[in-house]
Structures are given as structure tokens and as C-alpha cells.
Amino acid sequence: MDSETVNIALLGLGTVGGGTLQILQRHADAIERRTGRRVKVRRALVRDPSKPRPPEAADIAVTTDINEILDDPSISIVAELVGGCDPTRDWIMRAITSGKHVITANKALIAQHGNELFAAADKHGVIVAFEAAVGGGIPIIKTIREALAGNDIQSVAGIVNGTTNYILTQMRDCGLDFSEALAQAQELGYAEADPTFDIGGIDAAHKLTILAAIAFGTPLNFANVAIEGIDTISAEDIDYAETLGYSIKHLAIARRDAEAVELRVHPTLIPQRHLLARVDGVMNAVLIEGDAVGETLFYGAGAGALPTASAVVADLVDILRLLSAEPDHRVPYLGVRPGAIADLPLRPLASIHSAYYLRLAVEDHPGVVADITRILADHAISIEAMLQRPDPAHLDTMPIILLTHRVWEHAMDQALEAISRLSSVRGAITRIRVQTDAA
Ligand code: NAP
Ligand code: HSE
């Protein structure tokens, strides 16, 4: 029996669009065996038609006019692989209202506009699939939404940005400076069009917004995430952390207890024995704690053409399988049925309990360390380890590195404010949260 042909369009033929095309051609027969449908890429949208395209694009009508896709009734699925919210939000809304299913790898769009897009999709009976938006090739959305549905999830924590993990790894292992490592990540197709989204933690925050909503059945709320990037991390912090038995990783953390939820993205010192400390390069890993399953860890390439396209094509296969199913049989976007989505109170960053790494430059004279430790003691902050090592590049000051025990963040804020007022302390104090076994 001949399989039905389903026409799709790719919006974007860059890193992810090119990878998607490659997989669709390589696995055309396998996709047909899995779904009973043959996929034809009817059109692809690009910005610059003069750019060379991969050989797989030779038979595809390439256009710069989105209307040629959105107004084509023969196209039933569009994969948005462009990025950003403008004009993609409007394109996707138009696709939905004209009855087309949508696949997107765009975490910024889902984190910021997912609530309205999902509502519109429900109204028009179409699917918005977004597995590629988080974790690159790791099927983390399907896992939380479906495979862990027997759990009350307490926390989701992990490395969810490939670019920053690649940069930190290259700085540590190859001695590259920050900008060299970033240039490599861009060359490899890992970074966002605007790499400050990666470096500044915004991309990781978009992904955490999505993970937390699915894990906890809450609405998507990007504004709730406290965000710090890796731009304040220096090669010396990486070295000092290693000396103290830690790696610095950029972590995204969503945690819930009976009272509140905390959502934060920031560099973190992790003990070298911890599983997440061994996740290097472009790899991502997400650690989930459920009441029934305990801890589970999901690991894989977090960015790049084929790993991301693997998730895009998995979404396509899901949609093809669901084409003839009743909308009611679909898995809800955020894991719970729309009417059951419920917000939780947000715990502010000042109220978290964490250990800290501190690096200060001080004038090297008697009593300086005593002044600092006295202020810490006044705020009930106890020191776990201290390093004092002359820096040949700055002989007028002495770097002091402190590891503290766990303390409320507001106490640390107040202590640092007082320490920074000491006349012997020079420049800004570096403060990085430390993941201990207790948290
Ligand atoms: P990319 O390589 O820069 O490709 C973007 C594509 O979109 C290009 O083909 C570009 O056309 C096209 N495009 C951009 N603006 C357009 C416009 N105004 N009109 C028409 N076409 C336009 O980006 P990417 O890395 O593939 O990322 C695409 C999406 O996937 C983003 O949302 C990103 O966050 C997400 N994502 C990326 C990765 C990754 O590893 N790269 C992983 C997961 C998710 P031209 O080719 O003519 O310039
Ligand atoms: N820029 C993103 C990253 C792409 O580096 O993780 C994958 O979402």
C-alpha cells in the first residue's frame, strides 16, 4: 500500500535546519516505516537566498517569503528553526490559526510566549512540539512529561547550555582565553545568533523556564528565573576551584518544597566527584529528583546540527503518528491538563541556603584577614577552607580565596557589603555559589 505523503516546510536552513534536512533524507524510509507516512520538504525559508546550501537542499524550493509557506494549504507541518521571538511569534501564530502543526527548537519563544501559543494550538486543534528547545539531543521534555509521570518531581538541575560548558571546559583543559573559546563554539554552530544569550545565562534561563513548568505543572514564567552568566568567571577562579577539588559549571536549578519554588541559573562550584562535574565540552546533563524514582541523570550533546535535529525529527515522527488521533489523546504541553496548571510562590534568591566561594584582592598587611573573618563571623558565616597565594601579576595585593559553609544568601549579601567597605579590600569581590552534598 502507498503511504500518504505529508508536506512540511522548514523555516531556516542554518545549523539546525541543515541537520534536520540531512536526517530527513538519511532516514526517509525509516520514518515511513515508523509512521506510515512519507515526508516531503516542500519549501524552506531563508534570509539570504544567495548563500550556498547543503546538497540535501538541491530539490527544495527555497524562498524568502514566509507567505509562500503559510498560505500554502498543502503544507501541514512547519518546523521553525530560525530563532528569536520576532517575527517568529507571529509566523507561528499564523501557522497555528491556519491549522498547521508546528515544531520549534526556539526556547526563547516557548519560554516567553509558550502560554499563548499552547492556548492557540489547543483552540485550533494543532500541535506545537518543542523537544529540541532544551538539552539538544537529550529527550528531556518527553522524559519529564511522560516517562516520569509517576513522580512528584522535587528538583531539576543541570548543565543546559552547550556553549558555556564548552567555553569553561576549553579554558580549563586547553588554557584558551574566554574569547578564543567562544569563537570556537560559534564556529562549531553551538552559540546563539547573539552569543550574549549563552554567556549571560539567558538561554539557560529560557530552558529552565520550560523544564520547571513541565516538572511542576506551573505556567511558563521566564521573569521568575534569577540569572547570572559566566562572564564574571576568570581563568584564575577555574584554577583555584580545581585546587580546592571543585569544577566550575554553569548550572540551571529548579527546586520545589512545600512552600515555594526556586529558579536560578548561575556558575557553581561542584565537587569533582559529582556526576555533573564530569560533563564537559558541548555535553549537557539534567539531574531529576522524583519522589518515586529518586535521582535520574540524562546526558547527551546539548547543541550542534545533528543532535538538535535528532530531537526535531523525533517531534515530527510524534506529530505524524498523531495526525489521525483525537486531540484529546495528546500529551498536554506542560505535563498537566491546561485547567490544572497552577502557579507556586517564588522563593527569592536572598532566601536560598548555599555555600560560597569568595575571591578578594587585599592589601598584604597584618590584620586584614582578621577583619574579614570577623565580619563573616558577625554574620554567622563559618569558613570551610582558605587559600592565600601571591599573584606575580599583582604584587601590591594578595588574593584570598575562601570557601564557606552553607548560609542564607541575605546574610552573605550583608557580609560582602561590609567587607567591600574595608579600606584594605581592593576591587570587586567574586562570589560563586558552591554545590555541596547537602544541596
Ligand atoms: P542559524 O544557523 O543562524 O540558522 C538560522 C536560519 O534562519 C538561517 O537559515 C537563516 O537564513 C534563517 N533566518 C534567520 N532570520 C531569518 C528571517 N528574518 N527570515 C528568514 N529566514 C531567516 O541558527 P541555528 O543555530 O540553526 O538555530 C536555529 C534555532 O534553533 C534557534 O532558535 C536556536 O536557539 C535553536 N537551537 C539551536 C541549536 C544549535 O546547536 N545551533 C540547538 C538547539 C536549539 P540564512 O541561512 O539565509 O542566513
Ligand atoms: N546556544 C545553545 C547552547 C544551543 O549552546 O546550548 C542549544 O540550545
Side-chain angles (χ1 to χ4, degrees), residues 9-22 43-54 57 60 62-70 78-92 103-112 130-138 140-141 158-169 181-182 184-208 210-211 229-230 250 252 265 279 281-286 300-312 315:
L10 301 182
L11 312 187
L13 269 187
T15 303
V16 184
T20 301
L21 209 47
Q22 215 178 310
R43 288 181 205 281
L45 180 81
V46 297
R47 182 174 36 197
D48 177 0
S50 68
K51 268 193 196 170
R53 300 295 164 189
I60 295 169
V62 171
T63 178
T64 56
D65 181 1
I66 187 70
N67 298 316
E68 287 185 18
I69 292 169
L70 297 181
V78 296
E80 184 275 304
L81 310 170
V82 167
C85 296
D86 183 24
T88 53
R89 180 194 159 278
D90 291 345
W91 292 346
I92 291 188
I103 299 165
T104 180
N106 190 336
K107 46 276 163 137
L109 182 76
I110 295 298
Q112 294 179 90
F130 53 98
E131 183 63 65
V134 185
I138 309 173
I140 194 68
I141 289 173
I159 295 165
V160 293
N161 183 273
T163 301
T164 47
N165 205 40
Y166 182 85
I167 292 171
L168 291 173
T169 307
L182 170 61
Q184 284 188 357
Q186 289 178 295
E187 184 64 27
L188 290 162
Y190 303 154
E192 295 303 298
D194 176 355
T196 59
F197 274 56
D198 298 291
I199 295 158
I202 297 160
D203 178 77
H206 286 144
K207 291 165 175 166
L208 187 71
I210 298 170
L211 290 176
I230 60 162
H250 191 241
V265 162
V279 176
V282 73
M283 304 311 275
N284 280 191
V286 181
L306 290 180
T308 311
S310 158
V312 171
D315 274 347

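The structure displayed is predicted, hence computed values, not measured ones. The basis for the numbers below is simple: all heavy atoms, side chains too, and nothing from hydrogens, waters or symmetry mates. Indexing begins at 1, ligand by ligand and atom by atom, following the structure's order.
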Numbered atoms of ligand 1 (with element) below 4.0 Å of Gly83, judged on heavy atoms: 31 (C), 32 (O)
Leu10, Leu11, Val62, Thr63 screened by side chain to side chain contact (heavy atoms under 4.5 Å, CB included) with Val46, the one that passes: Val62
Mutual orientation of the aromatic rings belonging to Phe197 and His206 [parallel < 30°, tilted 30-60°, perpendicular > 60°]: tilted
Proximity of Asp198 to ligand 2 by residue part, where a heavy atom lies under 4.0 Å: side chain
Side chain to side chain, His250 and Val265, heavy atoms closer than 4.5 Å: yes
Proximity to ligand 1 by part of Asp48, non-hydrogen separation under 4.0 Å: both
Sub-4.0 Å atoms of ligand 1 with respect to non-hydrogen atoms of Ala132: 43 (C), 44 (C)
Sub-4.0 Å heavy-atom approach of Lys107 to ligand 1: yes
Worked verdict on Tyr166 versus Leu188 for side-chain contact (heavy atoms from CB on, under 4.5 Å): CA-CA 10 Å; Tyr166 182 85; Leu188 290 162; 3.6 Å; yes
Mode of Lys51 contact toward ligand 1 - side chain, backbone, both, neither (heavy atoms, under 4.0 Å): side chain
Geometric N/O contact Gly162 with ligand 2, under 3.5 angstrom: yes
Atom 9 (O) of ligand 1 [closest protein heavy-atom partner, distance rounded to 0.1 Å]: Leu13 N, 2.8 Å
Atom 27 (O) of ligand 1: nearest protein contact (heavy atom, Å): Val16 CG2, 4.0 Å
Contact check, Gly304 vs ligand 1, heavy-atom distance below 4.0 Å: yes
Region of Val134 engaging ligand 2 - heavy atom pairs below 4.0 Å: neither
For ligand 1, the portion of Pro87 having any non-hydrogen atom under 4.0 Å away: neither
Side chain to side chain, Lys51 and Leu13, heavy atoms closer than 4.5 Å: no
Heavy-atom pair of closest approach, residues Gly83 and Thr88: O-CG2, 3.4 Å
Minimum-distance protein heavy atom relative to atom 5 (O) of ligand 2: Thr163 OG1, 2.6 Å
Ligand-side contact atoms (ligand 1) for residue partner Ala303, heavy atom cut-off under 4.0 Å: 40 (O)
Any non-hydrogen protein atom less than 4.0 Å away from atom 3 (O) of ligand 1: no
Heavy-atom gap Gly189 to ligand 1 smaller than 4.0 Å: yes
Close side-chain approach of Leu45 to Trp91, heavy-atom, < 4.5 Å: yes
Nearest candidate to atom 10 (C) of ligand 1, where distance is taken over non-hydrogen atoms, out of Arg53, Glu192, Arg47: Arg47
Heavy-atom side-chain proximity of Gln22 to Pro54 below 4.5 angstrom: no
Step-by-step side-chain contact (heavy atoms from CB on, under 4.5 Å) determination, Leu182 to Thr163: CA-CA 7 Å; Leu182 170 61; Thr163 301; 4.2 Å; yes
Gly302 near ligand 2 by a heavy-atom separation under 4.0 Å: yes
Gly302 N/O under 3.5 Å from ligand 1 N/O: no
Side-chain (Asp315) to main-chain (Glu131) donor-acceptor, under 3.5 angstrom: yes
Where ligand 1 meets Leu45 - atom numbers and elements under 4.0 angstrom, heavy-atom basis: 20 (C)
Test item, Phe130 contacting ligand 1 (heavy atom, 4.0 angstrom): no
